[in-house]
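Contents: one structure, followed by commentary.
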Amino acid sequence: MLKTYGSSIILCIFGDMEPLSYENSILTPADEETPVSHESAVDIYSGTIFRVILLQRNGKRFIFKCLNREYAGAPQFVALLRKEYDLGMKLDHPNIVRMINYETNGQYGPGILMEWIDGMTLNKYLAENPPESRRMSIMRQLAEALAYIHSRGVSHRDLKPDNILITRRQHEVRLIDLGLGDADDQLTVKMSAATTAYGAPEQLAGIASDERADVYSFGKIMAQAGLPRRFMSLSGACLHRDPDRRPSMDEVVRRINRLIAHPIRRIMIPAAVIVTIAALAIAFYHSQTPPPIEESETTDAIIEKSFVRVDSLVSAYAPAIESSGWDGSRGGHIEKRTAEMFALAADLEAALREKGLSEPEIADKLAGFWLYSVNTTNKSDGLQ
């Protein structure tokens, strides 16, 4: 059964134009070639290229997306509209808005008939401060919808809160506006105000994008959804600047399910105790004398020993960084840890010079040291 919702929600689907007021009216049934009279349909708004009509047939409301009159006869725009419909018809998922028909209306020309959703945009829904359980459920549903379209060879490429509706009664996700999905030519006819806010780095750089750009956009949305802290590692992985380092949406779904089913149970310890433990851990690290580098040690052994020292340093600072919160400064502990990491790198460089390595060889070994250090600290800080 199709549902209804206010015209302000239609605004979020098709653009930033102000909706027009309208009176509800009853339509007689119409087939593909049956004109719809003026009294049977009402304009919701008209954009640069597309317009949206509210239809009502047999007591049910529908959305009819078509072209403005000046573009109605242009073959290239008709083809784009048809391509959007064909793309939508490839998809059948409970969390994706359903396209019903591609039909020629006697008054408005060719267009897409879609279901009308009783809901609100994701941003508006989150502004009402829903409980944590619903926020997690919303993210899981959205992840499942994206994993599904990716399995069908489709990427959304314009994922943002305005393109995500939440139904009022069941609090279910409806992913909308696949106009950019799987269609490079449509990029020339649609502008997205949220592109810079939610677009992946490769999209903003004008590089051809695929489903990995959706993963990045999802990571941004998830980071803003007010989820429990344990989700931060996953959102950080989705936001990796290198598309090849981002997880697939299938993997995201699996990780979300694990995070929901098995939440991390934290023991409530007074802050003073945590700070004391952190201070003792750092003091213990500094009290340890690094094992001396022996003349007979191989270069590989020296590198391995430097990795062990990195592990010890990161482990020593982990309690202090964890207890100081996520405000960005972390009580200055990250800066201190970084300074000590540079000291470890200097020690490694000196040891490699003593072994007689050439400058290019030293530079290569130091690059490996920093790569290991960055990955280790990111994992410790919940950024991978």
Q. Is a side-chain N or O of R168 found less than 3.5 angstrom from the main chain of M120, in a donor-acceptor match?
A. no
**Q.** Within 6.0 angstrom of R82 CZ, more than 12 heavy atoms from elsewhere
**A.** yes
Q: Flag yes if I63 and L80 sit in one hydrophobic cluster, no otherwise; membership is Ile, Leu, Val, Met, Phe, Trp, Tyr, and two members link when side-chain heavy atoms are under 4.5 Å apart.
A: yes
Q: To the nearest 0.5 angstrom, please state how far the NZ atom of K365 sits from the CG atom of L352.
A: 8.0 Å
Q: Could you tell me whether the side chain of N257 and the main chain of V253 form a donor-acceptor pair under 3.5 Å?
A: yes
Q. When you measure from the side chain of Q141 to the backbone N and O of V173, does any donor-acceptor pair fall under 3.5 Å?
A. yes
Q | Stepwise side chain to side chain contact (heavy atoms under 4.5 Å, CB included) test for T167 and D118 | A | CA-CA 6 Å; T167 62; D118 177 16; over 6 Å; no
**Q.** Flag side-chain contact, heavy atom, 4.5 Å: L113 against R57
**A.** yes
Q: Find the distance between CE (M232) and CE (M222) and round it off to the nearest 0.5 Å.
A: 10.5 Å
Q) If you look at every heavy atom in R230 and L259, which pair is closest and at what distance? A) NE-O, 3.0 Å
Q) Is any side-chain heavy atom of Y71 less than 4.5 Å from a side-chain heavy atom of V78? A) no
**Q.** SB check E361 R353 (cutoff 4.0 Å)
**A.** no
Q. Does any N or O in the side chain of D214 come within less than 3.5 Å of the main-chain N or O of H156, such that one atom is a donor and the other an acceptor?
A. yes
**Q.** Flag side-chain contact, heavy atom, 4.5 Å: I164 against I221
**A.** yes
Q: Mind checking the CG-CD1 spacing from N95 to I176? Nearest 0.5 Å is all I need.
A: 13.0 Å
Q: Run the numbers on C66 and N105 for side chain to side chain contact (heavy atoms under 4.5 Å, CB included), then give the verdict.
A: CA-CA 9 Å; C66 58; N105 182 286; over 6 Å; no
**Q.** Audit row: F50, L81, side chain to side chain contact (heavy atoms under 4.5 Å, CB included) steps and yes/no
**A.** CA-CA 9 Å; F50 298 107; L81 194 64; 3.6 Å; yes
Q | Mutual orientation of the aromatic rings belonging to Y108 and F64 [parallel < 30°, tilted 30-60°, perpendicular > 60°] | A | tilted
Q.
Does this structure show an ion pair linking D86 with K90, if we count only N-O contacts that are shorter than 4.0 Å?
A. no
Q) Between M114 and I112, is any pair of side-chain heavy atoms under 4.5 Å apart? A) yes
Q. Do you know the tightest heavy-atom contact between A345 and L366?
A. O-CD2, 3.8 Å
Q) Backbone N or O of R134 within a donor-acceptor pair of the S137 side chain at under 3.5 Å? A) no
Q) Hey, is the main chain of R157 close enough, under 3.5 Å, to the side chain of Q203 for a donor-acceptor pair? A) yes
Q. Are L146 and L175 side-chain neighbours, meaning at least one heavy-atom pair lies under 4.5 Å?
A. yes
**Q.** Transitive ILVMFWY side-chain link L344 to W370, under 4.5 Å
**A.** yes
Q.
Using a strict threshold of under 4.0 Å (side-chain N to carboxylate O), is an ion pair present between R212 and E202?
A. no
Q: Measure the spacing between CG of L159 and CZ of F218 and express it to the nearest 0.5 Å.
A: 8.5 Å
Q: Could you tell me how the ring of F307 sits relative to the ring of F369: parallel (under 30°), tilted (30 to 60°) or perpendicular (over 60°)?
A: parallel
Q | L87 with M249, same ILVMFWY side-chain cluster at under 4.5 Å | A | yes
Q: Kindly give the heavy-atom pair with the smallest separation between M99 and G88, and that separation in Å.
A: SD-CA, 3.8 Å
Q: Could you tell me whether a side-chain N or O of N58 sits under 3.5 Å from a main-chain N or O of K60, the two making a donor and an acceptor?
A: no
(Q) So that I can tick it off, tell me whether E251 and R254 are bridged by a salt bridge, with the cut-off set at under 4.0 angstrom between side-chain N and carboxylate O. (A) yes
Q | Side chains of V314 and M341 in contact at under 4.5 Å (non-hydrogen atoms) | A | yes
Q) About how many Å separate OH of Y372 and CD of E304, when rounded to the nearest 0.5 Å? A) 7.5 Å
Q: Verify, without hydrogens or angle tests, whether H240 (side chain) and Y216 (backbone) share a donor-acceptor contact under 3.5 angstrom.
A: no
Q) Heavy-atom distance under 4.5 Å between the side chains of L348 and I303, does that happen here? A) yes
(Q) Quick check: closest heavy atoms across I138 and H171, and the distance to 0.1 Å? (A) CD1-O, 3.4 Å
Q: Dump the intermediate steps for side chain to side chain contact (heavy atoms under 4.5 Å, CB included) on F231 and M136, then the final yes or no.
A: CA-CA 9 Å; F231 283 81; M136 292 189 293; 3.6 Å; yes
Q: Considering non-hydrogen atoms only, spot the tightest contact between E115 and I100 and give its length.
A: N-CD1, 3.8 Å
Q: Rounded to the nearest 0.5 Å, what's the gap from NZ on K124 to CG on L126? Could you check?
A: 13.0 Å
**Q.** Within one Ile-Leu-Val-Met-Phe-Trp-Tyr cluster: V252 and L239, side-chain cutoff 4.5 Å
**A.** no
(Q) Taking CG in D92 as the centre, count heavy atoms belonging to other residues, nucleotides or ligands within less than 6.0 Å. Is the count above 12? (A) no
Q. Closest approach of P94 and R174, non-hydrogen atoms and distance?
A. O-NH1, 3.0 Å
Q) With no hydrogens and no angle check, is any side-chain donor or acceptor of T121 less than 3.5 Å from a backbone partner on P161? A) no
**Q.** Main-chain N/O of A197 paired to K220 side chain as donor or acceptor, under 3.5 Å
**A.** yes
Q: Check whether any side-chain heavy atom of D43 lies under 4.5 Å from a side-chain heavy atom of I53, and answer yes or no.
A: yes
